[in-house]
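Written out below as structure tokens is the structure these notes cover.
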Amino acid sequence: MGYFLISYDLGAVIKDHRPLIEEIQKIGNTWQCMDSLWVVKSNETSGLLKERLAKHLKGDDKLLVVGIKRHGASYNLNKDCSDLLSKKI
């Protein structure tokens, strides 16, 4: 079980984020830290998470999935995300 940072950039100006967001939320424990930045807790690897989420991407969309450990820093995130990063990871 590990924590992962998921970030995406959808290329189209007007694009429906819902299918991708719904898939991120299906992973398990999720925290939305910024509009397109999530922290998730999962038993899957970063590669498996990428494959799972990439099914909801098109053309010039971008996706980053990174395993995270201690030694992170943040500024002005919402309380839930800030608490998660400082106390649980």
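- Panel note: side chain D61, backbone K58; a donor-acceptor pair is recorded below 3.5 Å.
- Atom-to-atom distance recorded for L63:CG and E51:CD is 9.5 Å, nearest 0.5 angstrom.
- When atom types are taken as modelled, the side chain of Q32 and the backbone of D35 share a donor-acceptor pair closer than 3.5 angstrom.
- Taken to the nearest 0.5 Å, the OG atom of S82 stands 9.0 Å off from the CG atom of N76.
- The shortest side-chain heavy-atom distance between L37 and I6 does not fall under the 4.5 Å cut-off.
- Among L49, I68, T45, the single residue meeting the side chain to side chain contact (heavy atoms under 4.5 Å, CB included) criterion with F4 is L49.
- Counting only heavy atoms from C-beta outward, the side chains of V40 and N29 never approach each other to under 4.5 Å.
- The main-chain N or O of G67 is never found under 3.5 Å from a side-chain atom of S46 such that the two would form a donor-acceptor pair.
- Screening R52, R18, K50, K55 for a salt bridge (Lys or Arg N to Asp or Glu O under 4.0 Å) with E23, the sole residue that qualifies is R52.
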- Evaluate the criterion side chain to side chain contact (heavy atoms under 4.5 Å, CB included) for residue pair I24 and L20; output intermediate values, then yes/no. CA-CA 6 Å; I24 291 170; L20 179 60; 4.2 Å; yes

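- In this structure, CD1 on I27 lies 11.5 Å from CG on N43, to the nearest 0.5 angstrom.
- W31 is listed as a side-chain neighbour of K41, based on a closest heavy-atom distance under 4.5 Å.
- For the pair T30/V39, no side-chain contact is recorded, criterion being any heavy-atom separation below 4.5 Å from C-beta on.
- Of the inter-residue distances, the one linking C33 atom SG with D80 atom CG reads 9.0 Å to the nearest 0.5 angstrom.
- Using a 4.5 Å cut-off on side-chain heavy atoms (C-beta onward), Y8 and L53 make no contact.
- Rounding to the nearest 0.5 Å places OG of S7 at 7.5 Å from CE of M34.
- Side-chain contact between L5 and W38 is absent, with no heavy-atom pair separated by less than 4.5 Å.
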